[in-house]
Amino acid sequence: MFQNLGEMAMLFWRTLRALPLTWRQRQKVFEQFFEIGNASLLMVCVLSFFIGGVLALQTGPFMAERALVNYLGGIVGYSHCRELAPIMMGILIAGRIGSAMAAEIGSMRVYQEIDALRTMNINPVHYLVLPRLVAIAIALPMLVIFSDLVGWLGGAVVAAANHQIDVGMQPFFASLREVVDFQDVAHGVVKSFFFALIVGVVSCQQGLATLGGPRGIGRSVTKAVVNSIVLVVIADYFLTRVLLK
Amino acid sequence: MTTNLQTNSGGVSVQVRGLRRSLGGHEVLRGLDFEVKPGEIFVIMGPSGSGKSVLLRHIIGLEDPDAGEILINGESVHGGEVLDKYRMALVFQSGALLNSLTVGENVGLYLTEHQLKSPEEIRRIVAEKLEVVGLKDTEAKMPNELSGGMKKRAAIARALVIEPQMILYDEPTSELDPLSAAVIGKEILKLQERIHVTSLVVSHDRELAFGIADRIAVINEGRILAIGTPDEVRRSEDPTIKKFLTADFKL
């Protein structure tokens, strides 16, 4: 994985330099953005609802035993928006969108479509990487905000429905409002922006580096997903350290 | 490949000097030297794996050689600038149409991406070029709806949109039936007559080569065995060339 870091850095730099061309590629950015939303929204919903739910289920009875259940909304809300939403959405997007990016670009590479672009003087970074990276960098933070809302709702539903916890929606959200502020949500959103860049760059780099036939595409997809997840988790630790200060 | 779409001003010359390239430890090109004149149809023949396609990729600048140089109108390809100065197109063996785009979008891609014309004008040019290659009214089709021959003709239409000064064809008749192969051969001849484009054709199709070429180079194991007019090559005494030109299915 680490042998590709140099290539990833180069690709990221070349894409950054191409940023002024984003407006020109806006149609493709929109298409990618739609694709990401369309492919992930339902999964984000289900995943976030159950993450919120399981958080309430794990912590609720424990807190109820110690008469701390009034803080349940705050605990669920805080941990979801600061940590679980960005990391889980990062992993979900790596699997769902990163794999698709690596497969699409990889097959274009294998079937000489990228060479065809180059012979037409069309830069593959401008044409393929830039729209994907911009779209994922906008989409993932938005998905994380959406995940926060659904996750909180999941926690609230479980807290209200589970007889061991038995915290109503109103006290759950009152506690959440008391503990969670804008900064906490922003913390998760900022993290997810960096996760999006990691997933986008890793997946596009793996796609562009694809060699061989369908087997090579499969190898690139696997590497894109695994490398993205590993780098997202590593980045999560360092970003948390930086953002906690 | 320039972004200035100008009226075609005839073909360009190509000089290949001492070209060498190794891939995976195997020397694919072993010091090639030849020249292609402006407006000429130059066919490079040879058996599969003789280095023909690799040579083509070097000429259009997709690969860098280990040694030697390629000059277009006297300027080196591998500086990069020459590719902006002269309009060149490569028709890939597979067509290499972008599968996510329609045929029309593929053909007009160069104009769209470089924003050289208005959408209406691009539509008109695309329709015109598709008609030239006998693919009228196929703009809305996806590449996977086309046959092998149609894909190749669509790829030629995409090359024509560039108004090229040189077109490179990689095995233009491979996987085609004899009728489709003849159509492609005629298209290459028509283009040369109409716009005096330099055509560099890589093929192991003997009928195509002798039917359209002004000159032929026979290449084997990365070396040129002979260069000359079709008649000169046909009269060659080189045993490898003789074997290649007379091979048939009789055991």
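For B:L168, no part sits under 4.5 Å from any heavy atom of chain A, backbone or side chain. Heavy atoms of A:I114 lying under 4.5 Å from chain B are absent altogether.
For CZ of B:F34, the number of neighbouring non-hydrogen atoms (other residues, nucleotides, ligands) closer than 6.0 Å is greater than 12. Heavy-atom contacts from other residues, nucleotides or ligands closer than 6.0 Å to CD of A:E35 number 12 or fewer. For A:M142, the CE atom sits in a loose shell: 12 or fewer heavy atoms of surrounding residues, nucleotides or ligands are nearer than 6.0 Å. In this structure, A:R26 places its CZ atom where more than 12 heavy-atom neighbours from other residues, nucleotides or ligands lie under 6.0 Å away. Summarising the local packing, CE of B:M142 is surrounded by more than 12 heavy atoms from other residues, nucleotides or ligands at distances under 6.0 Å. At most 12 non-hydrogen atoms from other residues, nucleotides or ligands lie less than 6.0 angstrom from CZ of A:F194. Annotation: A:Q183, atom CD; neighbour count of heavy atoms from other residues, nucleotides and ligands within 6.0 Å does not exceed 12.
Between the CZ atom in B:R158 and the OG1 atom in A:T119 there is a gap of 6.5 Å [rounded to 0.5 Å]. The line from CD of A:E104 to CG of B:N99 is 10.0 Å long, rounded to the nearest 0.5 Å. Remark: B:L101 CG to A:E113 CD distance equals 8.0 Å, nearest 0.5 Å. Atom-to-atom distance recorded for B:E113:CD and A:Q25:CD is 5.0 Å, nearest 0.5 angstrom. For the atom pair CG of A:L117 and CG of B:L109, the computed distance is 6.5 Å after rounding to the nearest 0.5 Å.
Minimum heavy-atom separation, A:A116 to B:A96: CB-O, 3.7 Å. Closest heavy-atom contact between A:Y111 and B:S94: O-OG, 4.2 Å. Between A:I122 and B:H114, the shortest heavy-atom distance links the atoms CG1-NE2, 3.9 Å. The heavy-atom pair separating B:L62 from A:R118 by the smallest distance is O-NH2, 3.6 Å.
Side-chain contact check for A:M120 versus B:M88: every heavy-atom pair is 4.5 Å or farther apart.
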